[in-house]
K.L.:
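Below is the structure I would like to discuss, written out as structure tokens.
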Amino acid sequence: MPGVPPRRFSFQKATMSLSGIKIRIIGAGVGGLAAGLALAQRGAVVSVFEQAGVISEVGAGIQVGPNGVAVLRALGLESALREGAIRARAVELRDHRAGARVLRLDLDALGPDQPYFLVHRADLIDLLASAARAAGVRVRLLQKAEGVVPGKAPRISLANGAESRADLVIGADGVRSVVREVLNGVQAPFFTRQVAWRAMVPNVIGQGPEARVHMGPGRHIVSYPLRGGETLNIVAVQERAGWAEEGWHREDDPDNLRAAFSGFGGEVPEMLAAVERVALWGLFRHPVAPVWHRGHVAILGDAAHPTLPFMAQGAVMALEDAWVLAEELDRAGQIEAGLAAYQARREGRVKRIVGAANGNAWKYHLRFGPLRAAAHAALRLGGAVAPG
Ligand code: FAD
């Protein structure tokens, strides 16, 4: 992926060295399901505890760059992924006024074995959940974890009053992770002074298989097609002084989105005219957790390192974590040594990517013309990656 050097994974062939080890994962998102599958493929006995009543995802798209596809390939899921996904041919950056092209990154130039896919989030989750179940993972719904006691025989306490013991507990419980707090204490995030809208619309502008970013002062808007190209996924980001909550599910009036981007030209007005429902949320920045494991408890994905959506790498990092965690436990043959090797192998790369995603927003948003031109040049040199 441009701007993100693909990790040189060893992708070691799974052995059955985790045979019989009892593992509990909290959270059936991308990271939890991928970890469940990778660990079950190595012989572990895995249950995933999910707080929701169904395994589902918000109606939105996700970009899976070549580094994420490499993990899905190693898990045996690439051909199924290709069936429902669109292979993106380019990432295009455009100026907001009339939509003039600033930069086009040719993704085909990465090579035939480095595909960049545009996928509906629900399709990715379904794929991971069915593969995990087929590998013997038990996914248990309506099981909200309230606390975890680390140690050599860690315990999870559930909101329904039950307790569960395991040889290893993995917190894949997202941005508000209970397990992260047990390992690290409370670490308050801070508001980035940016909010984001998310919407799906019919592909009224006939956008081809590419991600487009329209960049303007204090705002940008990203679009890409999904599911055969009939639908467009839109994420629009605006700088704003204040915000209270973090979360994806607050509905907003589509006219607020149209008003925020009223100065944008090119195809943006037509695209936004098609918006009927929209969600709005605040973007918060969290520190990367200093502690990823203690005793026989670990965290991965957003639980360890929530990532702003300016590089389309959050879920892909969760996939990488899941693979490396399984591989290092397999290699070490001992839980604590495996967990230490997992953090040592992941931490540097994750910090680089979280930092790069933090830095991308200003490049899309500059107000002052000459600075904007310089930022656009920097994007050309650095090779931007499309935001989420
Ligand atoms: P989550 O997906 O948050 O899953 C956590 C799961 O744990 C959930 O199912 C939740 O219900 C469950 N859970 C939480 N607490 C508990 C509990 N106490 N007990 C039981 N279950 C619990 N990333 C990309 O790679 N590409 C993109 O294009 C991209 N676009 C994005 C666009 C936007 C607008 C945003 C906001 C993010 C985007 N991301 C993208 C980031 C990506 O969505 C996240 O990084 C990713 O979902 C993290 O996966 P996860 O499995 O760690 O956590």
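What's counted below: heavy atoms across the whole structure, side chains too, no hydrogens, waters or symmetry copies. Just so you know, ligand 1 is whichever comes first in the structure, and atom 1 is the first atom listed for that ligand.
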K.L.:
State whether the shortest distance between N or O atoms of V316 and N or O atoms of ligand 1 falls below 3.5 angstrom.
P.N.:
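For ligand 1, there is an N or O atom that lies under 3.5 Å from one belonging to V316.
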K.L.:
Under the salt bridge (charged side-chain N to carboxylate O under 4.0 Å, His left out) criterion, do K152 and E336 qualify, and how do the steps go?
P.N.:
CA-CA 9 Å; K152 285 195 188 298; E336 276 153 313; 2.9 Å; yes
K.L.:
When the ring planes of H220 and F310 are compared, do they come out parallel, tilted or perpendicular, using 30° and 60° as the limits?
P.N.:
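Plane angle over 60°, so perpendicular.
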K.L.:
Which word best sums up how the rings of F191 and F284 line up, parallel for under 30°, tilted for 30 to 60°, or perpendicular for over 60°?
P.N.:
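Because their plane-to-plane angle lies in the 30° to 60° range, the rings of F191 and F284 count as tilted.
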K.L.:
Can any side-chain N or O of E328 pair as donor or acceptor with the backbone N or O of A341 at less than 3.5 Å?
P.N.:
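A pair under 3.5 Å: no.
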K.L.:
Find all atoms of ligand 1 within a distance of less than 4.0 Å from any non-hydrogen atom belonging to G301, and give their numbers and elements.
P.N.:
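The atoms of ligand 1 under 4.0 Å from a heavy atom of G301 are 52 (O).
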K.L.:
Need the ligand 1 atom indices (1-based, order shown) with element for anything under 4.0 Å from a heavy-atom of F49.
P.N.:
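In order of number, 20 (C), 21 (N).
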K.L.:
Mark up the atoms of ligand 1 that fall under 4.0 Å of a heavy atom belonging to A172, in ascending order.
P.N.:
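Going through ligand 1 atom by atom, the ones under 4.0 Å from A172 are 5 (C), 6 (C), 7 (O).
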K.L.:
Go through ligand 1 atom by atom and flag the ones less than 4.0 Å from a non-hydrogen atom of G174.
P.N.:
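Numbered from 1, ligand 1 contributes 3 (O), 5 (C), 53 (O).
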K.L.:
Counting only heavy atoms, tell me which of W281, W197, F310 gets closest to atom 34 (C) of ligand 1.
P.N.:
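Ranked by closest heavy atom to atom 34 (C) of ligand 1, first place is W281.
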K.L.:
Under 4.0 Å, counting heavy atoms only: does A196 come that close to any atom of ligand 1?
P.N.:
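Judged by the 4.0 Å heavy-atom criterion, A196 does not count as contacting ligand 1.
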K.L.:
With only distance considered, is Q63 within less than 3.5 Å of ligand 1 through an N or O on each side?
P.N.:
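Looking only at distances, the answer is yes, because the N/O contact criterion of under 3.5 Å is met.
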K.L.:
Quick check: Q51 and ligand 1, any N/O pair under 3.5 Å apart?
P.N.:
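Among all N and O atoms of Q51, at least one is under 3.5 Å from an N or O of ligand 1.
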K.L.:
Which of the atoms in ligand 1, numbered in the order shown and given with their element, are less than 4.0 Å from a heavy-atom of Q313?
P.N.:
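Answer for ligand 1: 24 (C), 25 (O).
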K.L.:
At less than 4.0 angstrom from any non-hydrogen atom of G29, what atoms of ligand 1 do you find?
P.N.:
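Counting from 1, the qualifying ligand atoms are 4 (O), 6 (C), 9 (O), 51 (O).
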K.L.:
For the atom pair CD1 (I170) and CZ (R24), what is the distance rounded to the nearest 0.5 Å?
P.N.:
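The CZ atom of R24 is 11.5 Å from CD1 of I170, to the nearest 0.5 Å.
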K.L.:
Would you find a donor on one side and an acceptor on the other, under 3.5 Å apart, between the side chain of R219 and the backbone of A260?
P.N.:
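Yes: the side chain of R219 pairs with the backbone of A260.
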K.L.:
Taking both backbone and side-chain atoms of A52, is any N or O found less than 3.5 Å from an N or O belonging to ligand 1?
P.N.:
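No, no N or O pair falls under 3.5 Å.
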K.L.:
Short N/O distance, under 3.5 Å, between I62 and ligand 1?
P.N.:
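Checking ligand 1 against I62, no N or O pair falls under 3.5 Å apart.
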K.L.:
What atoms of ligand 1 come within less than 4.0 Å of a heavy atom belonging to Q143?
P.N.:
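Selected atoms, number and element: 19 (N), 20 (C).
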K.L.:
Do any heavy atoms of R176 fall under 4.0 Å from ligand 1?
P.N.:
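It does not, in that no heavy atom of R176 comes within the 4.0 Å cut-off of ligand 1.
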K.L.:
Give a yes/no verdict on whether any heavy atom in I26 is under 4.0 Å from an atom of ligand 1.
P.N.:
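Distance cut 4.0 Å: I26 passes for ligand 1.
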K.L.:
Do you know which two heavy atoms are closest between E78 and P115, and how far apart they sit?
P.N.:
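Closest pair (atom of E78, atom of P115, distance): OE2-CG, 3.9 Å.
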K.L.:
Looking at R121, which atoms of ligand 1 are within less than 4.0 Å of one of its heavy atoms?
P.N.:
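Contacts of ligand 1 toward R121, numbered from 1: 31 (C), 38 (C), 42 (C), 43 (O), 47 (O).
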K.L.:
Just distances here: any N/O of V175 and N/O of ligand 1 closer than 3.5 Å?
P.N.:
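No; every N/O pair is 3.5 Å or more apart.
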K.L.:
Can you give me the closest heavy-atom contact between R165 and K22, atom names plus distance?
P.N.:
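Looking at all heavy atoms of both residues, the shortest contact is O-CE, 3.2 Å.
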K.L.:
Donor-acceptor pair, distance only, cut-off 3.5 Å: does the side chain of D173 make one with the backbone of I26?
P.N.:
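No; zero donor-acceptor contacts below 3.5 Å.
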K.L.:
Answer yes or no: does atom CZ of R104 have more than 12 heavy-atom neighbours from other residues, nucleotides or ligands under 6.0 Å?
P.N.:
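Correct, the count exceeds 12.
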K.L.:
Would you mind telling me if ligand 1 is within reach of the side chain of A315, the backbone, both or neither, using heavy atoms under 4.0 Å?
P.N.:
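For A315, backbone and side-chain atoms both sit under 4.0 Å from ligand 1.
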K.L.:
Mind listing the closest non-hydrogen atom pair of Q238 and W197 along with its distance?
P.N.:
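Scanning both residues completely, I find the closest heavy atoms to be OE1-CH2, 3.3 Å.
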K.L.:
Is V178 touching ligand 1 with its side chain, its backbone, both, or neither, if touching means heavy atoms under 4.0 Å apart?
P.N.:
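Under 4.0 Å from ligand 1, V178 contributes side-chain atoms alone.
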K.L.:
What heavy-atom pair brings D106 and R89 nearest, and what distance separates the two atoms?
P.N.:
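Of all heavy-atom pairs spanning D106 and R89, the closest is OD1-O, 3.5 Å.
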K.L.:
With a cut-off of 6.0 Å (strictly less than), are more than 12 heavy atoms of other residues, nucleotides or ligands near CD of E230?
P.N.:
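Open: at most 12 neighbouring heavy atoms sit under 6.0 Å from CD of E230.
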K.L.:
Any atom of ligand 1 sitting under 4.0 Å from a heavy atom of M317?
P.N.:
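The answer is no: ligand 1 sits nowhere under 4.0 Å from a heavy atom of M317.
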